[in-house]
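This is a predicted model, so every value here is computed, not measured.
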Amino acid sequence: MIQLHHRLLIFTIFIATALQLVLLPLVNAEPPVFPGEYSALAYDIEGILSEQHNNAPALLKFIIVGNTLYEIHAENRTCIVTELGFPPLPPNWLQTATYTGIQKVNGILCETWVRDSSTFWRNAEDKTPVKVNESNFFVWNYISGTFQPGLQSSDLFAIPSYCKKQKKLRR
């Protein structure tokens with residue numbers, strides 16, 4: 001019985017040491033920086049599939065230009081234009097974020113960062129975004145493997161002619 005207890009103690013110490021070696025570098029992780037431009041497939045809090053293009057979502061497309069959000073419904077050639085009253089988050093919006101540990105989100109182990117009332121989860125393995133919650137105002141769940149950072153085709157940012165600018169503050 002003492003030998004079994006001794007083995008369990010050694011096994012517990014081994015596991016604790018292994019976890020410490022894996023997680024210690026994450027505690028000192030630098031806050032992520034978003035690319036200035038990216039595209040990704042995502043779904044919002046209501047489960048609507050979107051195609052995001054950021055200079056700033058295949059059923060719904062969002063384009064943010066300055067303080068204006070274009071919600072484009074290409075299948076029925078309609079558009080909702082909203083004056084947000086604020087610009088999109090800058091690439092370094094997480095610079096002052098606090099690392100809060102590892103969480104499983106959408107089935108993926110994620111590093112979690114919190115800044116004010118916004119939370120960002122990124123894949124602990126490949127460092128791509130998994131979910132962003134901006135104060136429960138915008139909540140995006142990124143579809144694994146679709147996040148493409150870097151310069152994007154200018155065609156992605158073309159505002160269709162059927163989008164008429166309508167002033168509507170989002171609250």
Side-chain angles (χ1 to χ4, degrees), residues 22-76 78-160 163 170:
V22 169
L23 297 179
L24 188 58
L26 297 178
V27 173
N28 297 319
E30 290 291 319
V33 175
F34 258 73
E37 289 188 19
Y38 69 87
S39 64
L41 289 177
Y43 58 94
D44 67 9
I45 198 166
E46 296 169 355
I48 298 171
L49 180 66
S50 303
E51 180 181 341
Q52 282 190 340
H53 301 295
N54 186 35
N55 190 4
L59 300 177
L60 177 63
K61 181 177 183 177
F62 283 91
I63 298 175
I64 300 172
V65 178
N67 294 352
T68 305
L69 170 69
Y70 295 87
E71 182 179 322
I72 302 165
H73 302 261
E75 73 282 355
N76 62 6
T78 60
C79 185
I80 299 170
V81 181
T82 305
E83 290 300 322
L84 297 172
F86 53 85
L89 291 171
N92 67 345
W93 72 278
L94 291 164
Q95 185 174 356
T96 59
T98 301
Y99 175 77
T100 60
I102 298 286
Q103 292 181 355
K104 197 168 197 175
V105 176
N106 301 335
I108 299 168
L109 283 178
C110 297
E111 300 171 0
T112 307
W113 300 84
V114 175
R115 188 198 87 181
D116 301 327
S117 59
S118 297
T119 306
F120 172 74
W121 296 266
R122 77 173 174 186
N123 186 313
E125 188 175 309
D126 68 14
K127 308 300 185 203
T128 57
V130 171
K131 185 175 182 175
V132 175
N133 182 340
E134 297 178 42
S135 307
N136 289 325
F137 188 69
F138 288 114
V139 178
W140 296 110
N141 295 276
Y142 292 93
I143 297 172
S144 183
T146 67
F147 187 83
Q148 300 296 317
L151 293 177
Q152 304 294 312
S153 167
S154 60
D155 295 347
L156 293 175
F157 301 101
I159 307 299
C163 285
R170 185 168 182 160

Distance (rounded to the nearest 0.5 Å) between Cys110 SG and Lys104 NZ: 10.0 Å

Gap between atom CH2 of Trp140 and atom CD1 of Ile143 - 0.5 Å precision: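 Taking CD1 in Ile143 and CH2 in Trp140, the distance rounds to 11.0 Å.
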
Could you tell me if the side chain of Tyr70 sits less than 4.5 Å from the side chain of Val81, heavy atoms only? yes

Hey, does Ser118 have a side-chain heavy atom less than 4.5 Å from the side chain of Trp93?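 Yes. Closest side-chain heavy atoms under 4.5 Å.
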
Evaluate the ring planes of Phe34 and Tyr142, with Trp represented by its six-membered ring, and classify them as parallel (under 30°), tilted (30 to 60°) or perpendicular (over 60°).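 Answer is tilted, since the angle falls between 30° and 60°.
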
Determine yes or no for a side-chain-to-main-chain donor-acceptor pair under 3.5 angstrom, with Asn106 supplying the side chain and Ile108 the backbone.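 A pair under 3.5 Å: no.
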
Under the side chain to side chain donor-acceptor pair (under 3.5 Å) rule, collect the residues that match up with [X], sequence neighbours excluded.
{"X": "Gln95", "result": "Asn92"}
{"X": "Thr98", "result": "none"}
{"X": "Asn67", "result": "none"}
{"X": "Thr78", "result": "Asn76"}

So which heavy atom on [X] is nearest to which on [Y], and how close?
{"X": "Leu94", "Y": "Pro31", "answer": "O-CB, 3.1 Å"}
{"X": "Gln148", "Y": "Gln152", "answer": "O-NE2, 2.9 Å"}
{"X": "Pro35", "Y": "Gly150", "answer": "CB-N, 4.2 Å"}

Please enumerate all residues that pass side chain to side chain contact (heavy atoms under 4.5 Å, CB included) together with Thr112, with sequence neighbours excluded.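 Thr112 satisfies side chain to side chain contact (heavy atoms under 4.5 Å, CB included) with Thr100, Gln103, Thr119, Trp121 once adjacent residues are dropped.
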
Within residues 116-125 or reaching into it, pairs that qualify as salt bridge (charged side-chain N to carboxylate O under 4.0 Å, His left out) - sequence neighbours excluded: Glu111-Arg122

